[in-house]
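Read the structure below first, then the notes.
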2 protein chains.
Amino acid sequence: MENLYTSNALRLLQTADEIKARLSGEFSAVHGLSVNEFFLLLHLEQTAAHRLSRVELAKRMQISASTVTRMATPMEKIGLVDRQAYQKDARLAFVVITDAGLRKLEEARATFTKQAGYIFNNLLDEAELNQLSLMLGRLTSGTVGRLS
Amino acid sequence: MENLYTSNALRLLQTADEIKARLSGEFSAVHGLSVNEFFLLLHLEQTAAHRLSRVELAKRMQISASTVTRMATPMEKIGLVDRQAYQKDARLAFVVITDAGLRKLEEARATFTKQAGYIFNNLLDEAELNQLSLMLGRLTSGTVGRLS
DNA sequence: GCAAAGAACTTGCAAACGCAAGTTCTTTCT
DNA sequence: AGAAAGAACTTGCGTTTGCAAGTTCTTTGC
């Protein structure tokens, strides 16, 4: 049982690394976007108001708040996100996804889906994919910004 | 089907990020080791001769060769690995895991296993863990340095 | 209601990393 | 055999990231 825990954790991390390596080349070449920038947009899009505070975004992305600050600035400059103040609490600075950001996200998501297809294709059938999704969903059940 | 690909890839990446975040705190605190250094030792240990060239290590770890160089140097200084020349091809510089490295690896592996236990415990039963291992193994079937 | 504690954000600094160029050695081609 | 091509490694440089300290604002406790 212990061995099963270990080997699953190892394989999960290794698989993720391979997927990420695959994506990062394709993403920067095709969309001029890093994988992390893609995820930032994704997290924003999946909220009702299309916005998140920087600390909330940091928590969901498992990165530091300062990294969010430093990622958001250039993305504002090219119009993918906006900075939005919050009247109820002047400390908060929301990151809002713009329409241009949403369009870019759709383009990037297509690439993501295509690459994901290459990875899973011929290796897992539909029943297995459903099972995998179920199990991974359970592993992230306590997560705030669970992506689907 | 496309959606299944996407959601599985997303969840896999997200789960891996959470595991990695969990590990990196524990690892550096308990063993003075980064997650990547742990993986470097692990890859070396899993070879017959307990050694790999820097480019081979880079490929298996999905990092650049220069990063391997820069990781290996401090690890040599503290005696976890050694540098070994190769008579048959003077360009190669093997990274060899030392006995101290193996001992450190065992300590770190115990921590890894413990943390992996926290993650999977009560979320997946043994049959599911076997199934997950099988599927992840298939996803990394083309990988050279597959970890188990 | 005011002082202390705490939260959100930014910035300085250092560590980790990749890319591209440079060096040394090997293989290939003629 | 000798030159050109290529492989393995290192190093310079820029980018990305986290931590800790600093600033501004809000909440808590007396």
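No experiment lies behind these values; they were computed from the predicted model shown. Within every chain, numbering begins at 1; the chains are lettered A, B, ... in the order of the sequence lines, protein sequences first and strands thereafter.
- Considering only side-chain atoms of A/Ala93, the nucleotide from C/dT24, C/dC9, D/dT26 that sits closest is C/dC9.
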Worksheet item: Should B/Glu56 and B/Arg60 be marked as a salt bridge (Lys or Arg N to Asp or Glu O under 4.0 Å) after you check the CA-CA gap, both sets of side-chain angles, and the distance that decides it?
Response: CA-CA 6 Å; B/Glu56 185 58 32; B/Arg60 298 190 185 200; 2.9 Å; yes
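- Of the listed nucleotides (C/dC9, D/dA8, D/dT17), C/dC9 has the atom at the smallest distance from the side chain of A/Arg83.
- Between B/Tyr5 and A/Ile119 the shortest side-chain heavy-atom distance does not fall below 4.5 Å.
- C/dC25 atom C1' lies 10 Å from atom CG of B/Leu92, rounded to whole Å.
- Of the two residues near DNA chain C, B/Ile63 and A/Ala65, the one whose nearest nucleotide lies more 5' is A/Ala65.
- For A/Thr69, the listed nucleotide lying nearest its side chain is C/dT11; candidates were D/dT24, C/dT11, D/dT11.
- When only modelled atom types and interatomic distance are considered, B/Thr6 and A/Thr113 share a side-chain donor-acceptor pair under 3.5 Å.
- Among the nucleotides C/dT26, D/dG18, C/dG6, the one closest to any side-chain atom of A/Arg91 is C/dG6.
- In this structure, A/Asp89 and B/Glu56 both approach DNA chain D, and ranking their closest nucleotides by distance from the 5' end singles out B/Glu56.
- If you take CG of A/Leu52 and P of C/dA8, they are 13 Å apart, rounded to a whole angstrom.
- For the pair B/Glu76 CD and D/dC9 P, the computed distance is 12 Å after rounding to whole Å.
- A/Thr67 has no side-chain polar atom (N or O) that falls below the 4.0 Å cut-off from OP1 or OP2 of D/dT17.
- Atom NZ in B/Lys59 sits about 10 Å away from atom C1' in D/dA8, given to the nearest Å.
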Item to complete: Any chance you could lay out the salt bridge (Lys or Arg N to Asp or Glu O under 4.0 Å) test for B/Arg109 and B/Glu45, step after step, and finish with the verdict?
Response: CA-CA 12 Å; B/Arg109 194 188 335 247; B/Glu45 186 229 23; 2.8 Å; yes
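- Between B/Leu33 atom CG and C/dA15 atom P the separation is 17 Å, expressed in whole Å.
- Regarding contacts with the backbone of C/dT10, a side-chain N or O of A/Arg54 is found under 4.0 angstrom from either OP1 or OP2.
- When distances are taken from the side chain of A/Ala90 to each of C/dC17, D/dC9, D/dC25, the shortest belongs to D/dC25.
- Looking at B/Thr143 and A/Gln14, their side chains never bring a donor and an acceptor atom within 3.5 Å of each other.
- Rounded to a whole Å, the CD atom of A/Gln87 is 16 Å from the C1' atom of D/dT26.
- Within the nucleic acid shown, B/Ser53 comes within 4.0 Å of sugar-phosphate atoms alone, with no base atom in reach, counting heavy atoms only.
- Looking at B/Ser66, its side chain comes within 3.5 Å of the base of C/dC19 through a donor and an acceptor atom.
- The CE atom of A/Met75 sits 12 Å away from the P atom of D/dT16 (whole-angstrom rounding).
- If you measure from atom CZ of B/Phe94 to atom C1' of D/dA7, you get 14 Å, rounded to the nearest angstrom.
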